[in-house]
Amino acid sequence: LDLHAGLMRMTGALKNTGLIRAAAGAGLLVTSEASFENLGTLTGAGNMDALGSIINRGLIAPGDPIGTLTLGNLTLAQEGTVRIDLGAADASDLLKLTGTVSLGGELDLWSAGYAPRLGDSFTVLQFAGRQGNSVFDTVQLHGFGQGVAFDLVYGAGDVKVVVAAVPEPGTWALLLGGLAVVGAVAQRSR
């Protein structure tokens with residue numbers, strides 16, 4: 001289902017096993033108390049909501065490729081995944097919820113050309129409330145290289161990822177840098 005504009009209303013239960021993409025300005029609303037269960041993929045930069053909760057057992061990937069996907073109430077089941085692409089601070093994915101979240105499942109962080117710097121922070125999830133002290137079960141990193149680590153900071157209305165470690169420059173890089181400085185000083189001395 002590819003929604004380009006407007007709002008699509010569904011009156012019964014929805015069990016997605018394929019792909020639902022909502023472009024910016026487009027939306028999907030399940031208008032009954034029936035469940036909205038995702039076993040496939042929810043993506044895009046639009047809105048998806050249900051009078052009940054969206055239950056994710058598949059993949060939620062905001063943006064297309066980078067952007068903000070807005071959902072209502074969300075339950076992240078253990079077998080579900082949220083994929084967030086990190087570009088720059090102003091060019092990264094965000095999953096924004098107008099309701100509450102019950103966290104669980106896997107958070108996948110993907111590099112979208114981002115070069116990690118110690119202390120950089122990204123808000124990856126915003127919500128109106130969180131059920132209990134729920135957290136993501138696991139975090140997987142993709143494309144960041146060896147030695148990069150992130151901390152998750154769970155706030156009252158958001159989840160942030162903060163760069164906690166970056167690899168130190170390799171010995172050869174320090175050696176080459178030192179030789180370049182020695183060469184420049186020797187050149188000026190002549």
Side-chain angles (χ1 to χ4, degrees), residues 3 7 14 16 20-31 33 35-38 41-112 114 116-142 144 148-165:
L3 303 167
L7 177 65
L14 176 61
N16 175 47
I20 299 176
R21 178 181 296 125
L28 171 66
L29 176 61
V30 177
T31 61
E33 290 293 327
S35 66
F36 179 169
E37 185 176 14
N38 179 49
T41 300
L42 302 179
T43 190
N47 299 292
M48 297 180 207
D49 202 353
L51 293 183
S53 183
I54 298 171
I55 301 165
N56 182 54
R57 289 186 168 84
L59 173 66
I60 297 176
D64 195 15
I66 298 283
T68 299
L69 180 62
T70 303
L71 304 177
N73 295 315
L74 179 63
T75 299
L76 296 169
Q78 183 178 8
E79 62 274 23
T81 301
V82 174
R83 176 187 170 146
I84 299 292
D85 293 329
L86 300 179
D90 60 344
S92 294
D93 287 336
L94 171 64
L95 180 56
K96 184 176 181 177
L97 307 178
T98 59
T100 61
V101 66
S102 176
L103 292 171
E106 183 172 286
L107 175 63
D108 281 0
L109 299 175
W110 288 77
S111 174
Y114 169 63
R117 293 182 319 208
L118 196 61
D120 281 357
S121 177
F122 299 88
T123 299
V124 297
L125 179 62
Q126 290 179 336
F127 44 83
R130 178 168 53 131
Q131 293 181 358
N133 291 322
S134 60
V135 296
F136 286 102
D137 296 326
T138 59
V139 177
Q140 296 293 324
L141 305 180
H142 304 275
F144 292 104
V148 175
F150 291 90
D151 286 335
L152 269 66
V153 179
Y154 295 90
D158 61 18
V159 175
K160 290 181 171 53
V161 293
V162 180
V163 179

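Keep in mind it's a predicted model, so treat the numbers as computed, not measured.
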Mind running side chain to side chain contact (heavy atoms under 4.5 Å, CB included) on L95 and L71 for me, showing each step along the way? CA-CA 8 Å; L95 180 56; L71 304 177; 3.7 Å; yes

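- Between atom CG of residue L97 and atom CZ of residue R130 there is a gap of 12.5 Å, rounded to the nearest 0.5 Å.
- Distance check, rounded to the nearest 0.5 Å: CG of L7 to CG of N47 gives 8.5 Å.
- Under the 3.5 Å distance criterion, the side-chain polar atoms of T68 are left unmatched by any main-chain donor or acceptor of A45.
- The backbone N or O of F144 sits nowhere less than 3.5 Å from a side-chain atom of S111 that would complete a donor-acceptor pair.
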If you look only at distance, which donor and acceptor atoms sit under 3.5 Å apart when one is on a side chain in residues 151-162 and the other is two or more places apart or in another chain?
residue	atom	partner	partner atom	Å
Y154	OH	F136	N	3.1
D158	OD2	K160	NZ	2.7

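- Checked against N56 for a side chain to side chain donor-acceptor pair (under 3.5 Å), the options N38, T75, T81 give a single hit: N38.
- Taking 4.5 Å as the limit, some side-chain heavy atom of F150 sits within range of a side-chain heavy atom of L86.
- The CD atom of E37 sits 6.0 Å away from atom CD1 of I55, with the distance rounded to the nearest 0.5 Å.
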Please determine whether side chain to side chain contact (heavy atoms under 4.5 Å, CB included) holds for the pair V82 and V124, giving the CA-CA distance in whole Å, both sets of side-chain angles, and the decisive distance to 0.1 Å. CA-CA 10 Å; V82 174; V124 297; over 6 Å; no

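- In this structure, CG in L28 is found 8.5 Å from CG in L42, a value given to the nearest 0.5 Å.
- Residue S134 comes nearest to V101 through the heavy atom pair OG-O, 4.2 Å, listed as atom of the first residue, atom of the second, then distance.
- Taking the six-membered ring for Trp, Y114 and F122 have ring centres closer than 6.0 Å.
- Closest approach of L103 to L125, counting heavy atoms only: CD2-CD2, 3.5 Å.
- Not counting sequence neighbours, D93 has no partner by the salt bridge (Lys or Arg N to Asp or Glu O under 4.0 Å) test.
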Audit row: Q126, T70, side chain to side chain contact (heavy atoms under 4.5 Å, CB included) steps and yes/no: CA-CA 9 Å; Q126 290 179 336; T70 303; over 6 Å; no

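- Atom CG of L76 sits about 5.5 Å away from atom CD1 of I60, to the nearest 0.5 Å.
- The side chain to side chain contact (heavy atoms under 4.5 Å, CB included) test applied to A77 returns R57, E79, not counting sequence neighbours.
- No side-chain heavy atom of L94 sits under 4.5 Å from any side-chain heavy atom of P62.
- Checking side-chain atoms of N73 against main-chain N and O of T100 turns up a donor-acceptor pair under 3.5 Å.
- Closest of all the heavy-atom pairs between P116 and V163 is CB-CG1, 4.1 Å.
- Under the 4.5 Å side-chain criterion, counting only non-hydrogen atoms from C-beta, W110 is not in contact with I84.
- Interatomic distance, I20 CD1 to M48 CE, rounded to the nearest 0.5 Å: 6.0 Å.
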